[in-house]
Engineer: 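One structure coming up, written as structure tokens, with questions to follow.
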Amino acid sequence: MSRPPRALPAQPPPAAAARALRRAARFVRRALPLCRAHTVEFFTRGLWERLVAPSPDAVLEALRAAGPLARPLAADSGAAAAPCDDDIFSSAFCENSEKLINVHLFALAAKYYSLSNLGVCTPLEDVLEALKGDSEGATGIKPDEFMNNKKSHEVQVMSQLVNSIANYCGIKQVIDVGSGKGYLSSFLSMQYNLKVYGIDSSSSNTNGAHERNKKLKKHWRAYQSRGRENLKSQSLEKTNDRPVESEINWKTVNEELLNNASSLQNQDQVIVQDLVPSCGSTEMTTPETNTETEADLVTGTQSQETKLSEEVLAVLSVLPADAVEDFSSSHCNCRELCEEEKTQRKMTSLKTKARKSSESNLYFPLTSCITAETELNDIITDLEDCLLVGLHTCGDLAANTLRIFTAKPEIKAVCSVGCCYHLLSEQFENQKECQDQVWGFPMCQYLKDKGWCCGRNARMSACLALERVAVGQMLPTESLFYRAVLQVIIEEIYGVTKSDRHVGKTFSKSSSFVDYVRRSLKKLELDDSKHYLEMKKRAAVLHRPNVYLVSGRGQKLMPREEYKLPDNCIMDYYEKYKHRMNELEAFNMLKVVLAPCIEVLILLDRLCYLKEQENIAWSGLVKLFDPVKSPRCYAVIALKNQSCS
């Protein structure tokens, strides 16, 4: 008799999600001038004077006192108490000049419109509790031994959730979009016996995942070997406490189990398939978790010692899953079998292996670019009821993952953690672009009707890590200051206001500000000889061979050998602006405080999109990771109607 579906945790109703989105959007709209400002242009565009009324010291003091992580929201009085205070928060900005005038209200509002205070998130513990049913968590491989701390944390938490969703829905196939180096895919396959297709648009990532998976298999085998050694030591400890007559029987059963397991393990090592195999191959075996094989093994041992059945089951629980395979064909009775029966059993074993090769516990790295129109059947020939996952899928891929989920009946659930918001395409950012394109933002109807646009700089701000700053991992103010002063130099001396070239990580390689400027000018192709030729060309256009214009003023063209920008000239710029470094620090702190609000807008847009679909049984936002370790820590999760049994 089939078990009735278990109840999922409470989810925010569509109206509640839409209401939270509208309120957050209202505040972010007032703050957009700050969000859209780029710190590279801080001095050249006079951003502080244009956008902030209080002094830098006053801003920093107010943010420390009332910032989103300074103290719990409930401890604040008045302003953050009720929804009607939305109007109070809007007064943080001047109606006419759009300047920030009340930093205290601004900080309270940023805290008030965070996901944790809007009441639209579902606790991870509630989701796991509802999904777990009678299953127990897997034990064995520890990802922190072959991944960095951040990736280990992400993979361990997300894989547990993905496995719980798969078990709840009764599916064994997982599609990992934007799988990258394959850490999550490999772990899901080896730890949870899931059949995983890892799809990434980069062939180098796919090839890297292929090679990395081989190394992970060695770790997995080491764990299996270690488990067997632990099992032996545990067995010896137990025998010391047993009567003499039971000791002999237990030792016999235990050694036989271990010997058979070792023999089978040597024949059938765990294989995590790296490339798509041909169906029906008899050379490939996979771990098996079928409880019927465990029952067969227990039945075989009961004839030798019935009262030790509990100890036998304990042994089975720590043995690798594929160590138990057709116990009746073990070597103990082979000599007594006739040739015909041995041949028959050998054929049965081969058929069993062939059957297993087409089942779960495989990992297939595939190279393909996923869009909203992607037909998964064209990529995965044996597509079946499956779960779509993505761990830090960049830009539009996160949005397209949700669109594919809602459009494809085979996909029963989705668990997506997005990142790289600055790479999102926006429908209303550039009206000249093709209107028929599928955009990454917005997705929900409300923001589409409003023609909502964040802008690239605002989306870049959403990637800032407030929690890391709050625990002392401060912003790189000095490197930002260097870049802002460099912008003044290239505009005033070189007359360049826009360039498609980037300075990159020049700061970390530079010994001083002078060294930084010279390295940067070379990267921007504004170094001495190239710039001399450019200035000479400008002078020729003006028909004044020795003079060219910079910012509307005539400047003399120096001889080529004297053109190199003097060190003292570079340092003059540094000295001119260094006393304003606190302005830049305070300005960037304002952007950091705003970052979660912009992320709220993007995530609620995705949640509301799911709430608009008719075939969704459950959808929610779940905080998966420690935001200090992994700042993009929220997952969008959804399950379809009639997808679970």
Side-chain angles (χ1 to χ4, degrees), residues 24 27-28 30-39 42-43 47-81 85-86 88-94 98-118 457-458 460-484 577-600 623 626-633:
F27 172 69
V28 172
R30 298 301 304 271
L32 273 178
L34 272 176
C35 300
R36 289 173 173 170
H38 202 303
T39 51
F42 185 76
F43 296 122
L47 296 184
W48 189 267
E49 296 83 355
R50 282 175 47 204
L51 300 174
V52 186
S55 68
D57 291 339
V59 168
L60 290 173
E61 183 179 353
L63 292 180
R64 293 188 189 106
L69 298 181
R71 59 185 183 273
L73 185 61
D76 295 315
S77 59
D85 288 329
D86 288 349
I88 296 177
F89 290 141
S90 65
S91 63
F93 297 91
C94 175
E98 297 186 335
K99 280 187 178 183
L100 174 64
I101 56 177
N102 190 324
V103 183
H104 179 77
L105 275 181
F106 169 84
L108 289 179
K111 186 189 300 185
Y112 187 75
Y113 294 114
S114 66
L115 278 176
S116 58
N117 284 303
L118 284 171
N457 287 339
M460 183 77 82
S461 296
C463 298
L464 296 172
L466 172 61
E467 287 81 1
R468 286 184 175 178
V469 174
V471 298
Q473 299 182 30
M474 300 304 294
L475 287 172
T477 301
E478 188 176 19
S479 66
L480 296 171
F481 173 74
Y482 274 23
R483 183 62 184 87
Y577 290 100
K578 72 176 183 179
H579 69 282
R580 298 180 60 186
M581 193 181 296
N582 63 339
E583 291 180 8
L584 187 61
E585 180 186 1
F587 191 80
N588 279 308
M589 284 301 300
L590 290 172
K591 298 189 73 172
V592 169
V593 168
L594 269 175
C597 298
I598 307 167
E599 184 176 34
V600 162
K623 186 177 182 180
D626 177 351
V628 176
K629 293 181 180 178
S630 183
R632 306 283 75 78
C633 59

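Keep in mind that this is a model prediction, so the values were computed, not measured.
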Engineer: Decide side-chain contact (heavy atoms from CB on, under 4.5 Å) for Phe587 and Leu51; before the verdict, give the C-alpha distance in whole Å, the side-chain angles of both, and the deciding distance to 0.1 Å.
Structural biologist: CA-CA 9 Å; Phe587 191 80; Leu51 300 174; 4.0 Å; yes

Engineer: Ignoring hydrogens, what is the shortest heavy-atom contact between Ala24 and Val600? Give both atom names and the distance.
Structural biologist: CB-CG1, 3.9 Å

Engineer: First locate atom CG of Leu47, then atom CG of Leu584, and finally report the distance between them rounded to the nearest 0.5 Å.
Structural biologist: 9.5 Å

Engineer: Return the minimal non-hydrogen interatomic distance between Leu60 and Ala586, and the atom names on each side.
Structural biologist: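 Reported closest heavy-atom pair: CD2-CA, 3.7 Å.
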
Engineer: Roughly how far apart are Glu599 CD and Leu464 CG, rounded to 0.5 Å?
Structural biologist: 10.5 Å

Engineer: One pair to check against side-chain contact (heavy atoms from CB on, under 4.5 Å): Val469 and Val593. What are the steps and the verdict?
Structural biologist: CA-CA 10 Å; Val469 174; Val593 168; over 6 Å; no

Engineer: Where is the tightest heavy-atom contact between Arg30 and Cys94, given as atom of each residue plus distance?
Structural biologist: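 Nearest pair, atom of Arg30 first, then Cys94: NH2-O, 3.9 Å.
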
Engineer: How long is the gap from CH2 on Trp48 to CG on Leu590, to the nearest 0.5 Å?
Structural biologist: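 Reported to 0.5 Å precision, the distance equals 6.0 Å.
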
Engineer: What closest approach, in Å, do Glu98 and Pro33 show between heavy atoms, and which atom pair accounts for it?
Structural biologist: OE1-CG, 3.5 Å

Engineer: If we check side-chain contact (heavy atoms from CB on, under 4.5 Å) with Phe93, which of these qualifies: Leu105, Leu34, Ile101?
Structural biologist: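 Single pass found, and it is Leu34.
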
Engineer: Go through the structure and list residues passing side-chain hydrogen bond (donor to acceptor under 3.5 Å, both in side chains) with Ser91, not counting sequence neighbours.
Structural biologist: none

Engineer: If you draw a 6.0 Å radius around CD in Glu585, do more than 12 non-hydrogen atoms from other residues or ligands fall strictly inside?
Structural biologist: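 Atom CD in Glu585 is packed in, count exceeds 12.
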
Engineer: Could you grab the distance from atom CZ of Arg483 to atom CG of Leu480, nearest 0.5 Å is fine?
Structural biologist: 10.5 Å

Engineer: Between the side chain of Lys591 and the main-chain N/O of Ala37, is any donor-acceptor distance below 3.5 Å?
Structural biologist: yes

Engineer: Check Lys629 against Arg468 and note the closest heavy-atom contact, atom names and distance.
Structural biologist: O-NH2, 3.0 Å

Engineer: Quick one: does any side-chain atom of Asn117 pair with a main-chain N or O of Lys111 as donor and acceptor, under 3.5 Å?
Structural biologist: yes

Engineer: How long is the straight-line distance from CZ of Arg36 back to CD1 of Ile598, given to the nearest 0.5 Å?
Structural biologist: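 Reported value, rounded in 0.5 Å steps: 10.0 Å.
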
Engineer: Taking side-chain hydrogen bond (donor to acceptor under 3.5 Å, both in side chains) as the definition, give me every residue that meets it alongside Arg50, ordered by chain and number, with sequence neighbours left out.
Structural biologist: none

Engineer: Between CZ of Phe42 and CZ of Phe481, what distance do you get to the nearest 0.5 Å?
Structural biologist: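 With rounding to 0.5 Å, CZ (Phe42) is 10.5 Å from CZ (Phe481).
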
Engineer: If only atom types and distance count, is the side chain of Ser114 paired as donor or acceptor with the main-chain N or O of Ala110 below 3.5 Å?
Structural biologist: no

Engineer: Strictly under 6.0 Å, is that where the ring centroids of Phe27 and Phe89 end up?
Structural biologist: no

Engineer: So, Asn102 side chain and Ala92 main chain: donor-acceptor pair closer than 3.5 Å or not?
Structural biologist: no

Engineer: Tell me if a side-chain donor or acceptor on Ser630 pairs with a main-chain N or O of Cys633 at a distance below 3.5 Å.
Structural biologist: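 Here the side-chain-to-backbone pair does not exist.
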
Engineer: With sequence neighbours left out, what residues match Lys99 under side-chain hydrogen bond (donor to acceptor under 3.5 Å, both in side chains)?
Structural biologist: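 Applying side-chain hydrogen bond (donor to acceptor under 3.5 Å, both in side chains) to Lys99 gives none.
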
Engineer: Any idea which heavy atoms bring Ser479 and Pro476 closest together, and the distance?
Structural biologist: OG-O, 2.8 Å

